[in-house]
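The sequence lines fix the lettering, A, B, ..., with proteins before strands; numbering per chain opens at 1. Computed from a predicted model, the values in this text were never measured in an experiment.
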2 protein chains.
Amino acid sequence: MKYTIRTVASMTGLSQYTIRAWERRHHILSPDRTETNRRLYGEEDVFRLKLLKQMVDAGHSIGQSSKLTNDELFRLGSLGPDALAFPNDRNSPEQFINASIASVVRLDEEALRDSLVRGAAFLGAGPFIENVILPLLSHVESRWVEKSISIAQEHMVTAVLRTNLEQLRSSFLTSPNARRLLVTTPKGQMHELGALIVSVIAGLESWQVTYLGPNLPADEISHAATKSGASAVALSLVYPADDPDISAELILLRQNLGEDFPIIVGGRVAPAYLASLQHLDFLACQDLNEFRTALEGIK
Amino acid sequence: MKYTIRTVASMTGLSQYTIRAWERRHHILSPDRTETNRRLYGEEDVFRLKLLKQMVDAGHSIGQSSKLTNDELFRLGSLGPDALAFPNDRNSPEQFINASIASVVRLDEEALRDSLVRGAAFLGAGPFIENVILPLLSHVESRWVEKSISIAQEHMVTAVLRTNLEQLRSSFLTSPNARRLLVTTPKGQMHELGALIVSVIAGLESWQVTYLGPNLPADEISHAATKSGASAVALSLVYPADDPDISAELILLRQNLGEDFPIIVGGRVAPAYLASLQHLDFLACQDLNEFRTALEGIK
DNA sequence: GATTCATTGTCTAGAGCTTGTCAAGCAGGT
DNA sequence: ACCTGCTTGACAAGCTCTAGACAATGAATC
């Protein structure tokens, strides 16, 4: 199937004038012609025009961009193929997600870091987490499940996200009389991204967070909570859903901290554990909004 | 891809006026020109301008900075703004170590982060690692052995140090044609601080580092090395000293990468493994100086 | 302390270059 | 007739170039 210039113009968002001028002045394309000399564009041509428009929108000159091959353009844009559908919307969450995924696929750590930093700066910490980090994580997870991502790639994402979140977290100014929250994961829980996300959200809500990393025994958690003067503890449970040791840890923690101490428990598998522990009065939350509400409810 | 002055200005944060003035007055660059005399900047040029801006932002004069080569600028730049200031007692490595230890004992994460950030800024990345991070780690470890530090405290130190090192690492500008180094720890090795330290040092030596976190199987390492175009792989081995699986991973890695691919192996327990694997030609290093030497010896 | 003096970022003016847009005139399609 | 598309030439904005100038800063000298 070949497109006429009219169609191509509406597909790319360029004017017919511009497309012709680019061809005339920079020999950007040589579309096929009908017997009557009309231009006929193929998919490749449309793709190239989209890439070039992206470059120009990004502030590069058409003169320079026109000298690049499609491959080079694609790399420079560092936007995934999906990105080309919405050429005008360079700073939407989708763009940051797509750019991040593309970086992961290329195993390009620097690019990944870069797109996350820009995303956080542009969207602000809260929306960034909800609209970029969480979707990105679930995307990576689904690819992980279907084995279309390697261990190395998954490690890279984790390392970069961790740094990114920690950086967000440490960028908050904490007022000296802010309430303190201790964040960690119980023994047996190695996944820490959930805990880090929670830390950032709490920071946004003006809590002063002490983050102790994953995999902490209940005795240590309660001891640290006392020592750091925390007025609440938040735990993240992501995987697995049926470890009896974790239940035991939760019970022990409730004993140590006393009946009235606020303990927030969230994460994908939290409900699985809390179902049988309702009498222990944990504050359960399914998503970040519930987490915020839980925080507000504390003192 | 060559950039116009407009693009370069927005990439570096300098004004067009300034860029032209620097060129005119200090012959900082000789960008290519188009046939119509417009400046065209390459990646190298942008890199140099970024370095120079870093110098100027740090309070140095452009006149002096312009006399330095890119390599010299890179080294100086990573030392932080106060590299040339006079040290005094307040800012000796010992002070930073003591402040850090005190923060750990109090379980005061913010204070720990703060003293490490100031230490890194004041001493510069290289000396900071050698004179603060390493002594701090060995101090924590000895208290860990004698049980005078809790798991929570140890976790906090690890989490904060990790962030601190990652931050140092990502603060380097990477030269576009820098050699690439892949850093990780083999499967079974959960301790990642050694790998992070190595990453920072390599960054100081102008390598572009891809850091993949700990605990990566040999197949993944070799695959990632190929994919990221690395010219060397660095592994850190801290504990335990006698895991036969790790030896197996090392052997497999050597097979996958071929006889001549540079594999640097360091860390406390590295000698224990390498003793029986001498024929496989790993580059062993006992300390950071040996690591630097090993890096220099590559290509 | 007041004064030179060099350094440095910014700006202006005039000329030339790039680029998006359009009009005129022609060719073909409906 | 009416529409669309093609080529060529034109034009206004906006960029970039050089050369020169200005004000602020800070070091050196009187």
Do L134(B) and L288(B) have side chains that get closer than 4.5 Å, going by heavy atoms? yes
I'd like to check Y41(B) versus T12(B) (side-chain heavy atoms, cut-off strictly below 4.5 Å). Are they in contact? no
Is the phosphate of dC17(D), meaning OP1 or OP2, less than 4.0 Å from a side-chain N or O of R38(B)? no
Please confirm whether the shortest side-chain N or O distance from T36(A) to OP1 or OP2 of dC6(D) is below 4.0 Å. no
Do side-chain atoms of K50(A) reach the backbone of M11(A) as a donor and acceptor pair under 3.5 angstrom? no
Rounded distance in Å - CH2 (W22(B)) to C1' (dT8(C)): 10 Å
Looking at the side chain of T4(A), which of dG5(D), dT8(C), dT18(D) is the nearest nucleotide? dG5(D)
What's the OH-P distance between Y17(A) and dC6(D), to the nearest Å? 12 Å
Tell me the interatomic distance from E35(B), atom CD, to dC17(C), atom P, rounded to whole angstroms. 11 Å
Quick one: is H26(B) getting a side-chain N or O under 4.0 Å of the dT7(C) phosphate, OP1 or OP2? no
In terms of side-chain heavy atoms of R39(B), which of dT18(D), dC22(C), dT4(D) is nearest? dT18(D)
Does S61(A) place a side-chain N or O at less than 4.0 Å from the phosphate oxygens OP1/OP2 of dC15(D)? no
Could you tell me if S103(B) and S100(B) have a donor-acceptor pair between their side chains, going purely by distance under 3.5 Å? no
Interatomic distance, L14(B) CG vs dT8(C) C1' [rounded to whole Å]: 13 Å
Between dT18(D) and R20(B), is there an OP1 or OP2 to side-chain N/O distance shorter than 4.0 Å? no
Check this one for me: any side-chain N or O of Q16(B) less than 4.0 Å away from OP1 or OP2 of dC15(D)? no
Between C1' of dT16(D) and OH of Y41(B), the distance in whole Å: 10 Å
Of the candidates dG20(C), dG5(D), dT10(C), the side chain of V56(A) sits closest to dG20(C)
Could you check whether R113(B) pairs with E166(A) (Lys NZ or Arg NE/NH1/NH2 to Asp/Glu carboxylate O, under 4.0 Å)? no
Out of dT21(C), dT18(D), dG20(C), minimum distance to the side chain of S15(A) belongs to dT21(C)
Taking only side-chain N and O atoms of R33(A), does any of them lie within less than 4.0 angstrom of OP1 or OP2 on dG28(C)? no
Is the number of heavy atoms from other residues, nucleotides or ligands under 6.0 Å of E44(B) CD greater than 12? yes
Are T18(A) and dT19(C) close enough that a side-chain N or O sits under 4.0 Å from OP1 or OP2? no
Take atom CD of E23(B) and atom P of dG9(C), then tell me their distance rounded to the nearest Å. 14 Å
Atom-pair distance (CD1 on I62(B); P on dG26(D)), nearest Å: 17 Å
Base, sugar-phosphate, or nothing for R24(A), non-hydrogen atoms under 4.0 angstrom? base
In terms of side-chain heavy atoms of I5(B), which of dG9(C), dT16(D), dC22(C) is nearest? dT16(D)
Value in whole Å for how far the P atom of dG20(C) lies from CE of M55(A): 15 Å
Is R25(A) close enough to dT21(C) that one of its side-chain N or O atoms is under 4.0 Å from OP1 or OP2 there? no
